[in-house]
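Encoded as structure tokens, the structure appears first; notes follow it.
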Number of protein chains: 2
Amino acid sequence: MPIRVLTADDHPVVRNGLRAIIANERDIELVAEATDGAEAVALYEAHRPDVVLMDLRMPRLDGIGATRAIVAADAGARIVMLTTYEGDADIYRALGAGARGYLLKDMLGAAVIQTIRTVAAGGRVIPPDVAARLVEFTPRVDLTERELEVLGLTAKGLRNRDIARAIGRTEATVKAHLKHVMEKLGVDDRTAAVTVALQRGIIHLD
Amino acid sequence: MPIRVLTADDHPVVRNGLRAIIANERDIELVAEATDGAEAVALYEAHRPDVVLMDLRMPRLDGIGATRAIVAADAGARIVMLTTYEGDADIYRALGAGARGYLLKDMLGAAVIQTIRTVAAGGRVIPPDVAARLVEFTPRVDLTERELEVLGLTAKGLRNRDIARAIGRTEATVKAHLKHVMEKLGVDDRTAAVTVALQRGIIHLD
DNA sequence: CTTGGTGTTCCCCTTTCGGGGGACACGGGC
DNA sequence: GCCCGTGTCCCCCGAAAGGGGAACACCAAG
């Protein structure tokens, strides 16, 4: 029995590429292709594939959300996040959501196939080459909900006073949160806090 | 005689996808695949393809630089930038560098084929659907070299004083440049200047 | 040649930030 | 019960940042 695979990516070119890569393997069968996270969840339910190759960035529902939804319904789901490197935070979140693997898009087709087989067999592919090392050198940073909220508003260019109004708190509170954020990120000004958080995937523009 | 095409993208998955899309067309031939900008320039010289499908973001030399180099050597080169939307500034730069088309990666394979034919025939494909509109609503912003330099250092989290030292000018000068940047971008603080510039592709992290 | 625009440079003044603390309430975990 | 993380708020003060001019060089157009 072949390994049944579902792909989820909003770029047709990427879907085509994965289809082409999989087509060469006799024992791997592409059962469906989703174009966004919501569709991925629906198609997973409909086909119950052995492995899901999921993009992180998608419309409607992103890869993290789709992974959470699928794993919630089927704890045994084998999902591989296949994306470009967008910061260590996304890796933590993907694995935290239940992903069994994390592949970078600059890997060769052979690596994709290899990963599908490994994950289908119940294994995990926590990038031994790339992410693993990056993760070693970048201590994990956990911001609280409030800190994340304040940082997000800071990224929009709001002043402490306006952030305070936005969240219904005093400016002193906002300053305290931002101070903690800067400490955790190891920087000493709001602009650096924002760019570092963006690089590490802790926050996103949009 | 078939339309001879060269692709340039650092993601194997994407190259596979383009190869698969092109393989279905009898009159289009994929003559070579580059994995970065420098290779694209070399392969262009070696094969002189009719059309180049070029990614914007690549190692060593990016799509803009590769386009400039190719066009400098062959003014008649027909290059299509094929990338995800990363701000209007990149579109301006790509077209300014000599690209004949600008395709978004979320377009269907048919659109890619259509574009190849149009550009091969000497036409231009300035995205009639996406970029065109976005360009209408986002007035073009041109920052001077100095302003760009100051903004870039600001994004790294440097203080005005340190930026001043870095470029060998006084802090007052840096503040003036930054003030102009904020005016041009329509914001009133450095953090917003950075995030807006990032969104529009005027500057990049890394 | 003179005008006008652009890019660069600089200073003064007011507002906002960042860093050093510390305080108190609430909740879960040991 | 006690501790610790989280969230809230406060003070003080020096350091940055933002806003409003303004001078100068340069180049292109009238």
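What you see is a predicted model, and the numbers here were worked out from it, not measured in a lab. Convention: sequence-line order gives letters A, B, ...; per-chain numbering from 1.
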Could you tell me whether the phosphate oxygens of [N], OP1 or OP2, come under 4.0 Å of any side-chain nitrogen or oxygen in [X]?
X        : N     : answer
B:His177 : C:dT9 : yes
A:Arg146 : D:dT8 : yes
A:Thr170 : D:dC9 : yes
A:Thr173 : D:dC9 : yes

- Message: Here's a test of your reading of the structure: between B:Arg190 and A:Ala172, which maps to the more 5' nucleotide of DNA chain D?
- Response: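 Comparing both residues, the 5'-ward one is A:Ala172.
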[X] and [Y]: side-chain donor and acceptor closer than 3.5 Å?
X        : Y        : value
B:His204 : B:Arg57  : yes
B:Asp74  : B:Tyr44  : yes
A:Gln114 : A:Thr118 : yes
A:Asn160 : A:Arg190 : yes

- For the base of D:dG18, is there a side-chain donor-acceptor partner from B:Lys179 under 3.5 Å away?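 Counting by modelled atom types and ignoring angles, no donor-acceptor contact under 3.5 Å is found here.
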Rounded to whole angstrom units, what separation is found between the [atom1] atom of [X] and the [atom2] atom of [N]?
X        : N      : atom1 : atom2 : answer
A:Glu145 : D:dG7  : CD    : C1'   : 13 Å
B:Leu151 : C:dT8  : CG    : P     : 14 Å
A:Glu171 : D:dC12 : CD    : C1'   : 14 Å
B:Leu178 : C:dT9  : CG    : P     : 14 Å
A:Glu147 : D:dG7  : CD    : P     : 6 Å
A:Glu149 : D:dT6  : CD    : P     : 16 Å
A:Asn160 : C:dT16 : CG    : C1'   : 8 Å
B:Glu183 : D:dG19 : CD    : C1'   : 9 Å

- Item | Which nucleotide in D:dT8, C:dT16, C:dG19 has an atom nearest any side-chain atom of A:Arg159 | C:dT16
- Query: Which nucleotide, C:dC10, C:dG19, D:dG18, lies nearest any side-chain atom of B:Met182?
  - Reply: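 That would be D:dG18.
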- So what does B:Thr144 touch, heavy atoms closer than 4.0 Å: a base, only the sugar-phosphate, or nothing? sugar-phosphate
- Query: Among A:Asp9, A:Thr83, A:Thr84, which residue meets the side chain to side chain donor-acceptor pair (under 3.5 Å) test with A:Lys105?
  - Reply: A:Asp9
